[in-house]
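For clarity, every value in this text was computed on a predicted model and none was experimentally measured. Note that these values count all heavy atoms, side chains included, but never hydrogens, waters or copies made by symmetry.
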Amino acid sequence: MRSPLVNKLSLIFGPRPPLNRILLCLVSVCVLLALLSSFSTTTFDSATSYAKPDIYTNYRKLKEQARNDYLELKSISLGANLIKDVGLCGKERENYVPCHNVSANLLAGLKDGEEFDRHCELSQEHQNCLVRPPKEYKIPLTWPAGRDVIWSGNVKLTKDQFLSSGSMTKRLMLLEENQIAFHSEDGMIVDGVKDYSHLIADMIGLGSDTEFLQAGVRTVLDIGCGFGSFGAHLLSLRLMALCVAPYEPSGSQVQLALERGLPAVIGNFISKQLPFPSLSYDMVHCAQCGIIWDSKDGLFLIEIDRLLKPGGYFVLTSPTTQQQDSTTSTKNGITSSSLEEFTKKLCWSRLAQQEETFIWQKTADSQCYTSSQGEIPVCKGNEMQMYYQPLAHCISGTTSRRWVPIHSKSDHLNSTELEIHGLHPDDFFEDSNFWKLALRNYWSLLSPLIFSDHPKRPGDDDPLPPYNMVRNVMDMNAHYGGLSAALMEARKAVWVMNVVPLGARNTLPLIHDQGFAGVLHNWCEPFPTYPRTYDLLHANGLLSHIASQKCSMFELLLEMDRILRPEGWIILSDTLGTIEKARTLAAQIRWEARVIDLQNGSDQRLLVCQKPFVRK
């Protein structure tokens, strides 16, 4: 006997269908889902062949939409969509840099400059919100125009701060109504950056600054870089100049340099080592950087020695050098000073002095530090994982196989140098070839998308996209630096911040020895940069890595949103399950996301996202 409810349903829907019709319907539904799943993939060739130019036609966009709808329904059905759309942070966080809470640091008793240092352990400010751009924010001008002209509303630099800046800064900058314009490298500067660069070259015995590369100088650490004009000039000479400057609540050197498309990162000479391995740089430069180098028993100079490669140069320009070192002067310059005495203990030799500029050269003889001349002990233990360790009163790198004078290094790593890094040449070159082809695939994907976003850009005389719309690139899991090498070989006008995650194999020495910029970083923590400072973020396998470190993927994606400029791009590569989870979270952060099947039979997928320009 059927119940009254069943009888009512029979009247509405008709009699119960036979079993074979039910099975037929189920099979039809399965076939439809399979078709939707097959339509979801966008062809992305493996390393053996690269993507076709017509990778995104209208019908492929429809297939992507079907895929997106399917994933959205799937995530809801699985209960994965528990996090609602993330809201916007308040106006006070427009230039927010985590781990640099000066008020909290002062309350914790930090002083003497340490309150401006990085202290993630004191920052418990986890607010799940999106850092919004200032009201006056505009998309940066395309490169190279963006190097010389930036929107004043994009940086926290007021007119009063500009007017109170030093005379050299005034010569290099011109403040207009809504722009800051820098003098370009066209010979307009009579007594500025070009002449200063030529002076340094002459002091180390070169005929011109165009000979820096021949002298073994490829990487320069520019401490307290001002607004980056010296670094911009060095980049024009094909040197990698990385600006390092302290966190500043306003008028930041790092923020302004990055806005110009110049390599920069927040770092401080106070109490901790910088996140670079020993023997990383060919030259360290300080022009009026405000550091009293002979204070704290010479710890700052010892840190410079740690960072310099054998035979590297320390260039110091400061009108207060003589006063801070209690120096007596003659026509030949310094005759006695605590600074001069300490550099001798470091086995440095002073090459030259002209007016306010001094240049020292680090010894190429590692035995100097163990001889009677060396009065500072040699460090013991592992020197590879230098991640914000306390400044050490000992000499680093003397026993490293990487102790090779800068004049003896080749332009490209040879098999012997690769073996020093524990790499077989075949493995390195295979990785290099993979990234060359992967780069073509990436840009085949991005080019039509950027064209659709900016149909009137680029101009007739501009290079093809996305190279003129992408300048600052971060490889968040750089491995050997293959993406950076591929971009350089393709002669594209971008630079890459190569990040080696803490806990992964430390390949940062290899990256620096190739002449690239890079840092060691723990992705369970925020990155030391200002908001909206990168155009493209790339991460291969990083999501799986942070999962192994028991870190939050959601917090990582929020951090990526913070450091990415509006309309910037994200390319994530990882396993299918990880990418699907990231795609769900990306929707909460308001990113436009596309999942792409590599079509190589592997479990790897790409997630290509774009951050929207959100205004409020």
Side-chain angles (χ1 to χ4, degrees), residues 86 97-98 130-131 133 139-140 143 258-259 261 263-266 435 438-439 441-443 445-446 449-450 453 465-467 469-479 481-484 486-487 492 494-501 504 511 516-546 551-574 578-579 581-583 585-596 605-614:
V86 180
V97 180
L130 304 177
V131 175
I139 300 299
W143 182 267
L258 285 165
E259 187 67 22
V265 68
I266 297 174
W435 284 111
L439 178 64
N441 283 324
Y442 288 164
W443 259 246
L445 286 167
L446 292 182
L449 300 178
I450 291 179
D453 288 340
Y467 296 112
M469 299 170 190
V470 173
R471 170 62 182 171
N472 300 352
V473 178
M474 179 185 289
D475 194 352
M476 302 174 68
N477 189 12
H479 200 42
L483 179 61
S484 185
L487 286 164
K492 303 308 177 184
V494 303
W495 71 274
V496 180
M497 175 61 77
N498 294 279
V499 183
V500 175
I511 289 169
F516 303 148
V519 295
L520 192 68
H521 182 67
N522 179 7
W523 280 116
C524 299
E525 300 174 352
F527 190 80
T529 192
Y530 290 83
R532 304 171 298 277
T533 45
Y534 284 86
D535 305 310
L536 172 65
L537 304 179
H538 172 262
N540 180 25
L542 178 64
L543 301 182
S544 293
H545 172 75
I546 64 163
C551 300
S552 168
M553 181 190 298
F554 180 60
E555 290 183 2
L556 175 66
L557 296 185
L558 283 178
E559 173 64 3
M560 293 169 67
D561 185 88
R562 183 186 71 86
I563 65 180
L564 189 67
R565 69 162 173 83
E567 298 187 7
W569 295 88
I570 306 102
I571 301 178
L572 302 175
S573 176
D574 223 299
T578 304
I579 287 296
K581 180 180 178 182
R583 184 248 179 263
L585 295 176
Q588 318 301 332
I589 304 177
R590 313 184 189 190
W591 293 351
E592 299 175 11
R594 298 167 175 84
V595 177
I596 298 169
R605 297 291 187 275
L606 285 184
L607 183 64
V608 180
C609 307
Q610 185 179 27
K611 174 181 175 178
F613 196 156
V614 178

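Every residue was checked against the side chain to side chain donor-acceptor pair (under 3.5 Å) condition with His545, not counting sequence neighbours, and none meets it. A search for side-chain contact (heavy atoms from CB on, under 4.5 Å) contacts involving His538 returns Trp435, Tyr442, Asp475, Leu483, Asn540, Ile571, not counting sequence neighbours.
Of the possible donor and acceptor atoms, none in the side chain of Arg605 sits under 3.5 Å from a partner among the backbone N and O of Ile579. Checked by atom type and distance alone, the side chain of Arg565 never pairs as donor or acceptor with a backbone atom of Glu259 at under 3.5 Å. For the pair Asn498 (side chain) and Ala478 (backbone), a donor-acceptor distance under 3.5 Å is absent. The backbone N or O of Tyr530 lies less than 3.5 Å from a partner atom in the side chain of Thr533, making a donor-acceptor pair. Side-chain N or O atoms of Arg532 include none that pairs as donor or acceptor with a backbone N or O of Pro566 at under 3.5 Å.
The shortest side-chain heavy-atom distance between Leu572 and Thr578 does not fall under the 4.5 Å cut-off. The shortest distance between side-chain heavy atoms of Asp535 and Val494 does not fall below 4.5 Å. Two residues are said to be in side-chain contact when any heavy atoms from C-beta on lie closer than 4.5 Å; Arg471 and Pro140 fail this criterion. For the pair Phe516/Val496, no side-chain contact is recorded, criterion being any heavy-atom separation below 4.5 Å from C-beta on. Side-chain contact between Leu130 and Val614: absent, with no pair of heavy atoms (C-beta onward) separated by less than 4.5 Å.
With rounding to the nearest 0.5 angstrom, the CD atom of Glu559 is 10.5 Å from the CD atom of Glu525. Here NE2 of His521 is found 10.5 Å from OG1 of Thr529. Values are rounded to the nearest 0.5 Å. Taking CD1 of Ile511 as the start and NE2 of His479 as the end, the distance is 9.5 Å to the nearest 0.5 Å. Taken to the nearest 0.5 Å, the CG atom of Leu556 stands 6.5 Å off from the CG atom of Leu543.
Shown here for Met560 and Ile570, the closest heavy-atom pair between the two residues is CE-CG2, 3.4 Å. Residues Ala593 and Arg583 come closest through the heavy atom pair CB-CG, 4.2 Å. Heavy atoms only, all atoms of each residue included: Pro501 and Val499 are closest at CD-O, 3.6 Å. Contact between Met474 and Phe527 at its shortest, heavy atoms only, is CE-CE2, 3.6 Å. Residues Gly541 and Asn477 approach most closely at C-ND2, 3.9 Å, considering heavy atoms. Nearest heavy-atom pair across Leu564 and Lys611 is O-NZ, 2.7 Å.
Each of Val608, Leu607, Asn441 was evaluated against Ile596; a single residue qualifies, Val608, per the side-chain contact (heavy atoms from CB on, under 4.5 Å) test. Residue Asn472 forms a side-chain hydrogen bond (donor to acceptor under 3.5 Å, both in side chains) with just one option from Trp495, Tyr534, Trp143, and that option is Trp495.
Under a cut-off of 6.0 angstrom, the local environment of NZ in Lys581 is sparse, with at most 12 non-hydrogen atoms contributed by other residues, nucleotides or ligands.
A donor-acceptor pair shorter than 3.5 Å can be found between the side chains of Asp561 and Trp591.
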